[in-house]
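Scroll down for the structure; my scribbles are underneath it.
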Amino acid sequence: MPEPVNRLLDYQVAGYLPADELVGDDFDFVTMVEEDFTSLAGHHTERDSFFLFHNAAAVWGGPETPPYVALHITRNPEARTFRFGASGHPLVPLAQGWLVKRGCPPEGTVVTNPDGPRPADTLTTSLETRLRTNPGGRYEVLEHRNRTWESWTLIRDSHPDAAAAPYRLFLDKVSRSSHTYTLREGAFLTPEAAADWLANPNLPFPHTPAPAKVRAEAALTRSPQPRLAAPPAPVVEPRPTAPAATARPGRGRS
C-alpha cells in the first residue's frame with residue numbers, strides 16, 4: 001500500500017496518498033534532495049499544484065544536471081490520492097513554459113523569490129519571453145551544461161527564419177558584482193560549429209539580431225534622458241569559464 005507523504009516542503013498533499021506504489025517511489029526520487037530546493041514560484045487550485053524550484057544540489061550531479069525543477073501535482077479529492085509530473089530544465093523560462101503547457105496560468109509561474117539576480121537588460125527579458133512561450137513549438141533542447149555562475153543551452157530552432165543557422169546557443173551568465181544576469185543567443189549552422197565556439201570562446205560570438213522592439217528600446221536609452229538616481233546595471237557579455245564546485249544561486253526571475 002502507498003504510504004503518506006512526509007516532506008520538508010509543503011507540496012499541498014497533506015491527507016493524500018500516492019495513487020499507487022510506483023507514484024510514491026517516483027515522488028520519493030524526485031524530492032529526495034528537497035533540502036536543496038529553493039521555491040521560485042507556485043500556483044494552486046483545488047486539484048492542481050504547480051511548483052518551480054531551483055535545485056542547488058544540481059552542481060553535485062555534474063554540469064549536465066539541470067538546476068531547475070518544474071513539478072505539477074494533480075490531486076483527486078474524492079479518492080484522496082495524487083499523481084504528479086516533473087521535469088528538469090537548464091533555464092527558468094523553459095521550466096515556466098513546461099508548467100504553462102500543463103495548465104498553469106502564466107502569472108502563476110512568475111518568480112517571487114526576491115533574493116535572486118535581476119535581468120540586466122531588455123534583450124535578456126525578450127529572449128526569456130520567447131523561450132517561455134516557445135511560439136509554434138519552434139525550440140527543441142539538444143544539450144546543456146550548467147556551471148556555478150553561467151550555463152549554456154544548445155537548441156534547435158525550427159522556425160523558417162532560422163533555417164540558415166538553426167542551431168542556437170543560449171548563454172546565461174550571472175554578474176556577481178551587479179547582482180544581474182544576461183541571456184544571449186548565438187546562431188550556428190551545425191551543432192559542431194557551436195561546439196567549436198565553446199571550445200574557443202575568444203572567437204567572436206555570432207549574435208542573432210535583436211528584435212526591432214528591443215533595438216528601439218535600446219536606442220531610446222541612448223537618447224538624452226533625465227539623470228537617474230542610480231546607473232543601470234551594466235551588461236556583461238557571457239564567456240564560459242571553468243566550473244566551480246559551489247552552488248549556483250536560485251534566480252529571482254519573472
Side-chain angles (χ1 to χ4, degrees), residues 2-61 64-77 79-119 125 128-129 131-134 139 141 144 146 151 153 172 174 181 183 247-254:
E3 297 182 359
V5 172
N6 183 17
R7 294 289 182 273
L8 296 174
L9 300 179
D10 184 4
Y11 298 103
Q12 304 289 309
V13 292
Y16 285 78
L17 293 174
D20 55 44
E21 290 189 14
L22 181 58
V23 171
D25 291 344
D26 289 346
F27 195 75
D28 287 344
F29 178 78
V30 169
T31 61
M32 66 180 176
V33 293
E34 65 174 349
E35 65 273 12
D36 292 303
F37 284 0
T38 297
S39 179
L40 302 183
H43 177 79
H44 312 286
T45 67
E46 180 185 5
R47 291 182 174 270
D48 296 280
S49 286
F50 302 89
F51 300 90
L52 174 56
F53 297 113
H54 175 261
N55 178 17
V59 69
W60 306 113
E64 70 281 356
T65 303
Y68 299 101
V69 177
L71 176 65
H72 173 211
I73 293 177
T74 303
R75 292 177 292 275
N76 183 335
R80 307 301 291 178
T81 60
F82 73 90
R83 296 183 179 274
F84 78 98
S87 183
H89 299 271
L91 296 170
V92 166
L94 296 175
Q96 290 170 320
W98 185 88
L99 291 171
V100 170
K101 285 182 66 176
R102 295 181 71 94
C104 185
E107 60 270 19
T109 70
V110 173
V111 173
T112 56
N113 175 17
D115 299 324
R118 66 188 187 278
T125 55
E128 285 191 312
T129 298
L131 286 172
R132 183 184 304 116
T133 57
N134 191 12
Y139 294 127
V141 176
H144 57 83
N146 172 53
S151 69
T153 303
D172 176 56
V174 176
Y181 65 91
L183 185 65
R248 182 177 182 173
R251 299 296 184 82
R253 297 183 178 179
S254 59

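Residue indices begin at 1 and follow the sequence shown.
Not one N or O on the side chain of Thr81 forms a donor-acceptor pair closer than 3.5 Å with the backbone of Tyr16.
The structure places CG of Asn134 at 12.5 Å from OG1 of Thr129, a figure rounded to the nearest 0.5 Å. Atoms CD and CG, on Glu34 and Asp28 in that order, are 10.0 Å from each other to the nearest 0.5 Å. Atoms OG1 and CG, on Thr153 and Leu131 in that order, are 8.5 Å from each other to the nearest 0.5 Å. Summarising the geometry, atom OH belonging to Tyr139 is positioned 10.0 Å from atom CG belonging to Leu94; distances are rounded to the nearest 0.5 Å. Leu17 contributes atom CG, which lies 11.5 Å from atom CG of Asn76 (distance to the nearest 0.5 angstrom). Distance check, rounded to the nearest 0.5 Å: CZ of Arg75 to CZ of Arg83 gives 15.0 Å.
Considering His44, His43, Gln12 as possible partners of Ser49, the one that fulfils the side chain to side chain donor-acceptor pair (under 3.5 Å) test is His44.
Under the 4.5 Å side-chain criterion, counting only non-hydrogen atoms from C-beta, Val30 is in contact with Phe84.
Heavy atoms only, all atoms of each residue included: Ala41 and Gly108 are closest at CB-O, 3.9 Å. The nearest pair of heavy atoms linking Glu46 to Pro77 is OE2-CG, 4.0 Å. The two atoms that bring Pro18 and Val23 nearest to each other are CB-CG1, 3.9 Å, heavy atoms only. Closest heavy-atom contact between Pro66 and Pro90: CB-N, 4.0 Å. Closest of all the heavy-atom pairs between Thr65 and Asn146 is O-CB, 3.9 Å. Residues Gln96 and Leu52 approach most closely at CG-CD2, 4.0 Å, considering heavy atoms.
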Can you list the steps and then say if Phe51 with Leu9 is a side chain to side chain contact (heavy atoms under 4.5 Å, CB included)? CA-CA 11 Å; Phe51 300 90; Leu9 300 179; over 6 Å; no

What verdict does the side chain to side chain contact (heavy atoms under 4.5 Å, CB included) test give for Leu40 and Tyr68, after you've listed the backbone C-alpha separation in whole Å, the side-chain angles of each residue and the deciding distance to 0.1 Å? CA-CA 9 Å; Leu40 302 183; Tyr68 299 101; 3.9 Å; yes

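Taking the six-membered ring where tryptophan is involved, the planes of Phe50 and His72 are essentially parallel, since the angle between them stays under 30° and well short of 60°.
Between Phe82 and Phe27, the ring centre distance stays below 6.0 Å.
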